[in-house]
Amino acid sequence: MIFIDLRDRSGIVQVVCDPQVSPAAFAAAEGVRSEYVLAVRGTVKERPPAQVNPNLPTGRVEVHAAEVRVLSPAKTPPFYIQDDLDVSEDLRLRYRYLDLRRPIMQKGLILRHRVAKAVRDYFDAHGFLEIETPFLTRSTPEGARDYLVPSRVSPGKFYALPQSPQLFKQLLQVAGFEKYFQIVRCFRDEDLRADRQPEFTQIDVEMSFVTREDVLELMEGLVAHVFRETLGIEIPRPFPRITWREAMEKYGSDKPDLRFGLEMVDLSDLLRNSEFKVFSGTIAAGGVVKALRAPGCGGFSRKELSELEEVAKTYKAKGLAWLALPPAEGGEVRGPVAKFLRPDELGAIRERMGAAPGDLILFVADQWEVACTALGQVRLELGRRLGLIPAALPERPTAADFKLVWVVDFPLLEYDPEEERWVAVHHPFTSPHPEDVAKVMDPSFPRERLGEIRANAYDLVLNGVELGGGSIRIHQRPLQERMFELLGFTPEEARAKFGFLLEAFEYGTPPHGGIAFGLDRWVMLLAGRPTIRDVIAFPKTARATDLMVDAPSEVTEEQLRELSIRVEARE
RNA sequence: GGAGGCGUGGUGUAGAGGCCUAACAUACUGCCCUGUCACGGCAGAGAUCGCGGGUUCGAAUCCCGUCGCCUCCGCCA
C-alpha cells in the first residue's frame, strides 16, 4: 500500500495505490519521489471513518488508483514545498518556480488576479476605458531616477521607462477619453524596501470634469468593491479623512496607522517658560514639544527606554525625554526631566495628557516636523510592543482589520536644501487647494512661506501603508506657468522639458484629476504578507537583481557597439 | 551614500581559540513495514564552516578586507 499526496493548483488529494486493486499502479508508485509529475486514473472514494484526516480539506475522500503514470520525474528540490518554510529568501528567489509551488504563494497570486479582475470589472461598469501607454518614452525631470534604454537608431539618445503614465493619462484627457484607467507597470531606479520594487504595478486612473469629491467617492466605491469581491468584507463608507497637518500633529506621519490610538499631544504652550532649557529653548527657537502617553508603561526598563530613544534618534530627534508616573498616588515621579519641571507644569502636563498612575510620558522637543516624525515613529514602535499592531492578519479577516483613511491637503511644495529650490511634493501638475490658488498667483507672497500652500492632493492610507495618491491637476495655462516659475524653471526650461504637455493644454483642456494605487501593496495587505515580493511572481532583490535569471547581466561587445555605448570599468 | 542583522552537509540550526576526525534535526539513498497522512525501524552517503588575507604552535571560532541576502535611514514627483 503506497500513499501519494497529489497536488495541483487547487490543493492536495491522497492517492491510494493498493497492489490488490492494481499491481501495475502499485509498481509505478514505488518509483515515485517528491515533486514527480503524475497522471493518475482511479476512483474517488469516501475514506473509512477511522482514516479521515481532518487537517486536509479533502481529508474525507481519497483516490483509489487504477493507473499511475510518471509524466516527469523531479530532482530533489532544494527546499520543501510547504507553507511553513524556514529558508533564506535568496534560495527561494533563485528557485522561484519551486517557491511558487507553495500553496501560500499560489494563494497570493490568485488573490492578485482576483483584485485585478475586480478592479477591471468596477471600472468597466462605471464607463472607464483601459488604455495602454508607452513603456519606451521620454525622460522627464523631477521625481525618481529613470531607467534608461539606449536607442540603436538614434545613437547617443535614450528612452526612459515610465515612472508612471502621469503625462500620458493627462494627455488622454485632452484627447477626450474622459474616464481612463490602466493596470500598468511602472519603473523607478531608486533603492528598494520591503514595499518597493524597481518595477511595480499601479492602478492608474484619470477623469475629466471632476472635483476632489468625485474622485474620492468613486475610489471609495472601488476599494469597497475589491474588498467585497476578494475577501468578502464590507468596508464602511465614507472613509474617514484627516488633513496632512492633523495627521502629522497626532500621528507623526503622512500615512497614519489608525488601528490604534496613542495620539500625540502638543505641549509647547505649557512649557514655553519651563526651567528645562531643552524644552523652553527649543520653543523659543521656533520648535515644539510633542508628547506621547504610553499607558501602563511607567515600569519600562532603562534598556527599553533607550531602545525607544534610538528610534527617535533614527528620525533625527536629538533625544527622547520621559516621565514615569508612580503606580500609586503619592509616589515619586521618575525620569531625567522630572526635577526640572515645577509642580504646576507637571500637573498641567498630566492633565493635558490624561495621564493615569503608572503611565509613561515620552517627549520630543525639536522643529515641528522632526518632533512629529520622530515621536510618531516611537508611537509605532510602542504600538508594536504593546501588541496594538497585530503581527499577522487573522485567518478570517474582517472590516476591523483594515483601517482606511484619506489624507488630504498635502503641502503643494517643499524646500529641497540640496537643490536649493522648492520642489513639488506630489508632482508639478498638481493643482493648489482652491482656497490657496490666490497665494500661488500672488507675486508678492513671500517665498519662504511657500510651504504653507496646500495642494488639492490626497493619499489613501491603509493600516499605515500608503496605498495610493492623486490630485486634481492644473488645466489653466497661467497657473501651470506660475507653478513652473515657483519650481525654478525658466519658461524656456519648462518648454524644453514639458513642451508637448503645455502645447497640448493650448488646445482645450478639460479640468481633470486622478489617482494611482499601488497594486502590489494592496494585495500584500489583503494577503497579510510582510513584503510585496510575496505577491509578485518574479521579484527582485534589495539590490535590484533577479537571482533566478541572473539579471542584470553583461552584454556582448557587438550589442554595445550597435548602441554606440562604451562601458568604462568602475571600481 | 550610511547603519544594523545574517552567512557552517541539500535545508534549518548548534559549536565562540585545542574537547571538531565539526554535532543535531530534517531532507536524500538502500533495506524492512499492506491504512499512511509531521508514519515508524535499520543502515548509509553527504560540509575544506560565503570568499581572500592576517594573528597564532593551533582558527568555523580572533582581526582586516570582500561578496551575497534581509531590514532600516537617506532616496522614492
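If you're wondering where the values come from, they're calculated on a predicted model, not measured in any experiment. In what follows, chains are A, B, ... by sequence order, proteins preceding strands, each numbered from 1.
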Separation of B/C75 P from A/Arg145 CZ (nearest whole Å): 12 Å

Cationic N near anionic O, under 4.0 Å, A/Lys255 to A/Asp459: no

Step-by-step side-chain hydrogen bond (donor to acceptor under 3.5 Å, both in side chains) determination, A/Asp146 to A/Gln163: CA-CA 7 Å; A/Asp146 286 321; A/Gln163 298 171 27; 2.6 Å; yes

Ring-face cation of A/Arg245 near A/Trp368 (centre distance under 6.0 Å, axis angle within 45°): yes

Trace of the salt bridge (Lys or Arg N to Asp or Glu O under 4.0 Å) decision for A/Asp195 with A/Arg193: CA-CA 5 Å; A/Asp195 60 354; A/Arg193 290 282 194 285; over 6 Å; no

Value in whole Å for how far the P atom of B/C75 lies from CD of A/Gln163: 16 Å

Carboxylate-amine/guanidinium proximity below 4.0 Å for A/Arg212 and A/Asp409: yes

Heavy-atom closest contact (A/Ile515 atom, A/Arg473 atom, distance): N-NH2, 3.8 Å

Distance, P atom - from B/G41 to B/C51, rounded to whole angstrom: 35 Å

Any donor-acceptor N/O pair under 3.5 Å between B/C76 base and A/Arg188 side chain: no

Note: A/Glu35-A/Lys75 ion pair, threshold 4.0 Å (strictly below): no

Minimum heavy-atom distance between A/Arg145 and A/Glu190, given as atom pair plus value: N-OE2, 2.8 Å

Whether A/Phe517 and A/Trp522 hold their rings parallel, tilted or perpendicular, with breakpoints at 30° and 60°: tilted

Nearest-angstrom distance from the residue atom OH of A/Tyr315 to P of B/C75: 12 Å

Base-contact (B) and sugar-phosphate-only (S) positions in nucleotides 24-29 of chain B, heavy-atom cut-off under 4.0 Å, - elsewhere: --BSSS

Euclidean distance for P, B/C31 against B/U11 (whole angstrom): 26 Å

CA sep, side-chain torsions, deciding dist, call: A/Gln182, A/Thr133, side-chain hydrogen bond (donor to acceptor under 3.5 Å, both in side chains): CA-CA 9 Å; A/Gln182 185 182 188; A/Thr133 51; 3.1 Å; yes

Heavy-atom side-chain contact between A/Leu216 and A/Tyr458 under 4.5 Å: yes

Under 4.0 Å protein heavy-atom contacts per nucleotide of nucleotides 66-71 of chain B, with B for base, S for backbone only and - for none: --SSSS

Atom-pair distance (CG on A/Leu91; C1' on B/G9), nearest Å: 14 Å

Interatomic distance where CD belongs to A/Glu418 and C1' belongs to B/G2 [whole Å]: 14 Å

Whole-angstrom distance between B/G15 and B/U29, as gauged at atom P: 31 Å

Gap between atoms CG and C1', on A/Leu85 and B/U13 respectively (whole Å): 15 Å

Any residue of residues 362-370 of chain A with a heavy atom less than 4.0 Å from an atom of RNA chain B: none

Separation between the P atoms of B/G4 and B/G9, rounded to whole Å: 26 Å

Per-nucleotide protein contact string for nucleotides 34-49 of chain B, where B marks a base within reach and S marks sugar-phosphate only (heavy atoms under 4.0 Å, - for neither): BBBB------------

Within-4.5 Å side-chain heavy-atom neighbours: A/Leu320 and A/Leu375: yes

Side chain to side chain contact (heavy atoms under 4.5 Å, CB included) evaluation trace for A/Asp204 with A/Phe181: CA-CA 5 Å; A/Asp204 198 45; A/Phe181 87 103; over 6 Å; no

Ring centres under 6.0 angstrom apart (A/Phe187, A/Phe135): yes

B/G52 to B/C39 separation - P atoms, rounded to the nearest Å: 39 Å

Gap between atoms CG and C1', on A/Asp99 and B/U11 respectively (whole Å): 14 Å

Aromatic ring pairing A/Phe498/A/Phe484, orientation class (parallel under 30°, perpendicular over 60°, tilted between): parallel

Flag side-chain contact, heavy atom, 4.5 Å: A/Phe260 against A/Arg379: yes

Sugar-phosphate, base or nothing in reach of A/Gln166, heavy atoms under 4.0 Å: base

Nearest-Å distance once atom C1' is located in both B/C75 and B/C67: 24 Å

Contacting residues from residues 463-473 of chain A, given that a heavy atom lies under 4.0 angstrom of RNA chain B: none

Separation between the C1' atoms of B/A27 and B/C19, rounded to whole Å: 29 Å

For A/His427, all residues meeting ring-ring contact (aromatic ring centres under 6.0 Å, His included), sequence neighbours excluded: A/Phe429

Whole-Å C1' distance, B/G5 and B/G50: 16 Å

Rounded interatomic separation in angstrom, taking CD1 from A/Ile532 and P from B/C76: 17 Å

Closest-nucleotide 5' rank along RNA chain B - winner of A/Gly143 and A/Gln377: A/Gln377

Sugar-phosphate, base or nothing in reach of A/Asp86, heavy atoms under 4.0 Å: sugar-phosphate

Minimum heavy-atom distance between A/Pro165 and A/Val184, given as atom pair plus value: CG-CG1, 3.6 Å

